[in-house]
There are 2 protein chains.
Amino acid sequence: MAGGRRASRHILELRHMRYFLAVAEELNFGQAAEKLGIAQPNLSQQIKALEEIVGATLFDRTQRSVKLTAAGEFFREEARQTMAHAGTALAKARRAGRGEIGHIAVGYVGSATYTGALITIMAAFREEFPQVEIDLAELEMQEQLARIAAGTLDIGFVRPPVELPLGIGTSLILQEDIVLAMPARHPLAEADVTLADLRDEPFLTPRHAANVSFRKYTTQACEAVGFTPQLGRQAADFVTIISMVAIGFGVALVPQSCQALHLPGVRYKRLQDVSVKADLSLASRRSEPSPIVRAFLQKGAQYRASLKRQE
Amino acid sequence: MAGGRRASRHILELRHMRYFLAVAEELNFGQAAEKLGIAQPNLSQQIKALEEIVGATLFDRTQRSVKLTAAGEFFREEARQTMAHAGTALAKARRAGRGEIGHIAVGYVGSATYTGALITIMAAFREEFPQVEIDLAELEMQEQLARIAAGTLDIGFVRPPVELPLGIGTSLILQEDIVLAMPARHPLAEADVTLADLRDEPFLTPRHAANVSFRKYTTQACEAVGFTPQLGRQAADFVTIISMVAIGFGVALVPQSCQALHLPGVRYKRLQDVSVKADLSLASRRSEPSPIVRAFLQKGAQYRASLKRQE
DNA sequence: GGGTGGCGATAAGCGCCACCTATCAACAAT
DNA sequence: ATTGTTGATAGGTGGCGCTTATCGCCACCC
């Protein structure tokens with residue numbers, strides 16, 4: 001009954017606010033129109049439409065001067081904030097679209113640390129995209145693959161070969177030589193040894209299925225020189241494996257970067273008759289449209305390219 | 001050179017955000033379109049236009065499901081806030097337009113307090129418009145009129161008649177009887193007196209020009225019974241005037257509501273031969289489009305109407 | 001496998017409204 | 001009176017936001 005507000009068929013748009021703010025600033029329709037790049041009559045009409053939408057006059061036009069009403073003052077403040085928000089909406093979405101902000105979860109196998117690849121790639125990524133929040137976690141390879149498939153992880157530093165879940169792919173970033181870790185007090189510790197000399201030693205490997213990563217490398221390398229290795233204990237990571245070597249549980253083929261682990265009682269040896277190389281790769285969802293993940297993968301590719309140039 | 005963002009000729013509007021939020025909520029173009037009351041193809045086009053404006057895809061349409069991209073997530077949050085702000089912009093301006101929020105500055109002459117009109121009107125206004133901030137100040141009448149003209153005061157409780165500055169008008173809210181204040185130890189203090197009996201007494205009045213307010217009432221009443229009053233001291237307010245009566249400086253014609261001032265040594269008397277009434281009015285700018293001031297004036301009119309009903 | 005139903009994208013056309021130019025009306029300044 | 005500057009009004013046009021009709025794609029289902 002009492003209400004009866006004229007139901008303007010128009011709907012509030014940002015255009016109205018842009019125009020309103022221009023007039024509120026200039027306090028002059030003509031100049032405001034010029035600043036907006038439109039004709040003055042249109043501006044008059046749009047402001048009128050806005051006033052119908054609001055249901056209150058926003059400007060006092062006293063024929064020689066334009067000034068804000070009380071309602072206009074309130075609207076001005078809110079309109080300003082609205083426009084600001086609209087602007088940041090655009091800016092944030094654009095930056096996110098270019099991968100400059102957002103979030104990425106990265107996992108890595110422990111041995112990735114020693115290669116330098118992890119540190120180098122992460123540093124390069126952080127430098128270009130400082131606004132991107134990075135979740136970093138050391139995880140076993142299978143755990144990484146499961147999480148990538150589940151969507152809780154974006155990137156994994158893994159050591160192929162390994163059977164990949166559907167929709168997940170890898171890209172190589174590093175190949176490194178494989179060296180032998182053997183106990184220092186082993187009879188052959190001071191001699192020139194070949195892999196063939198070690199046919200009776202137990203070989204320690206990561207805890208994996210037969211055809212995966214260093215379990216595969218180990219059998220592959222041994223069979224290449226004519227014997228099937230006797231598998232010893234298995235462990236989750238190379239630190240443990242090399243520790244077990246030091247204790248005397250056997251020998252192990254490890255990535256050469258693991259030589260950075262200077263454990264007492266361990267001797268590393270480059271073997272002439274081992275030509276297998278160890279891979280380090282980035283795993284990620286194949287159907288990954290996120291520009292931020294793409295950017296990370298690109299950093300990995302750049303790292304690989306920089307290595308090739310050095311050769 | 002490197003930039004090359006496709007300069008979409010479209011401009012961001014609230015419409016895009018409304019549509020986007022609907023799709024982001026439903027995750028289904030068809031249902032979102034229905035909720036918006038538009039056809040689905042248009043929605044597809046508008047979202048596409050929005051994505052061109054933003055310069056990034058906001059939804060992953062995988063043929064069977066729609067979900068937000070990272071950029072979409074960011075945009076969603078900002079768009080929500082933008083819409084919220086736009087809503088409050090409308091709401092605030094509307095309420096201001098109806099006078100429900102804002103600010104009003106009210107002045108009053110001291111004697112307005114005793115009538116009850118000031119308190120009653122202020123209370124009624126506050127109850128209906130609790131959000132309106134009220135500046136209240138006791139001011140002499142001339143000061144009020146000057147400030148109203150200058151725009152620093154919106155409403156004044158004044159006692160006409162008085163010469164009004166250009167563009168300022170008054171509306172009556174109260175008429176009250178005039179009574180005599182005389183010293184208690186005056187020879188006639190205990191007798192039945194008429195105004196005519198007091199022709200030799202000095203009459204104390206407020207400090208005004210000749211034709212203003214109680215200076216006018218006083219001369220008018222006296223001349224009505226056949227003499228020209230001898231004017232005594234003048235003071236700024238009735239408290240002072242009545243105090244001076246108590247001291248014995250003379251007598252005074254005062255509004256009957258001033259009887260609330262029970263000063264020792266003063267006797268109030270209703271005089272049969274005084275028919276002049278004292279006005280109390282609201283002064284305000286005539287060309288006052290502010291709905292909040294109009295609402296206040298209306299409260300004044302209602303108060304006057306309620307008095308008339310009681311008669 | 002072909003059918004069916006639900007999805008979003010595309011095609012083509014229509015009508016409104018945001019824009020334009022031209023002009024008016026009101027006031028100030030000279 | 002004249003002129004300049006202001007915002008409002010009149011009338012016309014083109015773009016775009018809307019529509020309906022249709023397609024292409026996938027999942028599901030006898």
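In what follows, every chain begins at residue 1, and chains take the letters A, B, ... in the order their sequences are listed. For clarity, every value in this text was computed on a predicted model and none was experimentally measured.
Residues passing the ring-ring contact (aromatic ring centres under 6.0 Å, His included) test with B:F29: none are found, sequence neighbours excluded. The side chain to side chain donor-acceptor pair (under 3.5 Å) test applied to B:Q131 returns no partner, not counting sequence neighbours. Under the side chain to side chain donor-acceptor pair (under 3.5 Å) criterion, B:N28 pairs with no residue, sequence neighbours left out. Among residues two or more places apart in sequence or in another chain, the side chain to side chain contact (heavy atoms under 4.5 Å, CB included) test is passed with B:K92 by A:F74, A:E78, B:I101. Applying the side chain to side chain donor-acceptor pair (under 3.5 Å) test to A:E13 and every residue at least two apart in sequence or in another chain returns B:R18. The side chain to side chain contact (heavy atoms under 4.5 Å, CB included) test applied to A:L164 returns A:L145, A:V162, A:I168, A:T170, not counting sequence neighbours. A search for side chain to side chain donor-acceptor pair (under 3.5 Å) contacts involving B:K35 returns B:E26, not counting sequence neighbours. With sequence neighbours left out, the ring-ring contact (aromatic ring centres under 6.0 Å, His included) criterion links B:H85 to A:H85.
Between the P atom of C:dC7 and the CZ atom of B:F59 lies a distance of 16 Å, rounded to the nearest Å. Between B:E52 atom CD and C:dA9 atom C1' there is a gap of 14 Å when expressed in whole angstrom units. Taking atom CD1 of residue B:I47 and atom P of nucleotide C:dT10, one finds them 14 Å apart after rounding to whole Å. Rounding to whole angstrom units, CG of residue A:L43 and P of C:dT21 are separated by 14 Å. Between the CD atom of A:E51 and the C1' atom of D:dA8 there is a distance of 12 Å, rounded to whole Å.
Looking at A:E51, its side chain never comes within 3.5 Å of a backbone N or O of A:T57 through a donor-acceptor pair.
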Shorter than 3.5 Å, N or O on both sides, protein versus nucleotides 16-18 of chain C: list them out with atom names.
from	atom 1	to	atom 2	distance (Å)
C:dA18	O5'	A:R15	NH2	3.4

Set out, line by line, the N/O atom pairs under 3.5 Å between protein and nucleotides 27-29 of chain D.
none

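Using cut-offs of 30° and 60° for the angle between ring planes, the B:F20 and B:F59 rings count as tilted.
Screening residues 129-143 of chain B for salt bridge (Lys or Arg N to Asp or Glu O under 4.0 Å) gives B:E143-B:R147 as the qualifying pairs, with residues at least two apart or on separate chains.
Look at A:S44 and you'll find a side-chain N or O under 4.0 angstrom from OP1 or OP2 of D:dA8. Taking 4.0 angstrom as the limit, A:K48 places none of its side-chain polar atoms (N or O) nearer than this to OP1 or OP2 of D:dG7. The phosphate of D:dT6 (OP1 or OP2) has no side-chain N or O of A:R61 nearer than 4.0 angstrom.
Sorted by residue number, the members of residues 21-40 of chain B with any non-hydrogen atom under 4.0 Å from DNA chain D read B:G37, B:I38, B:A39.
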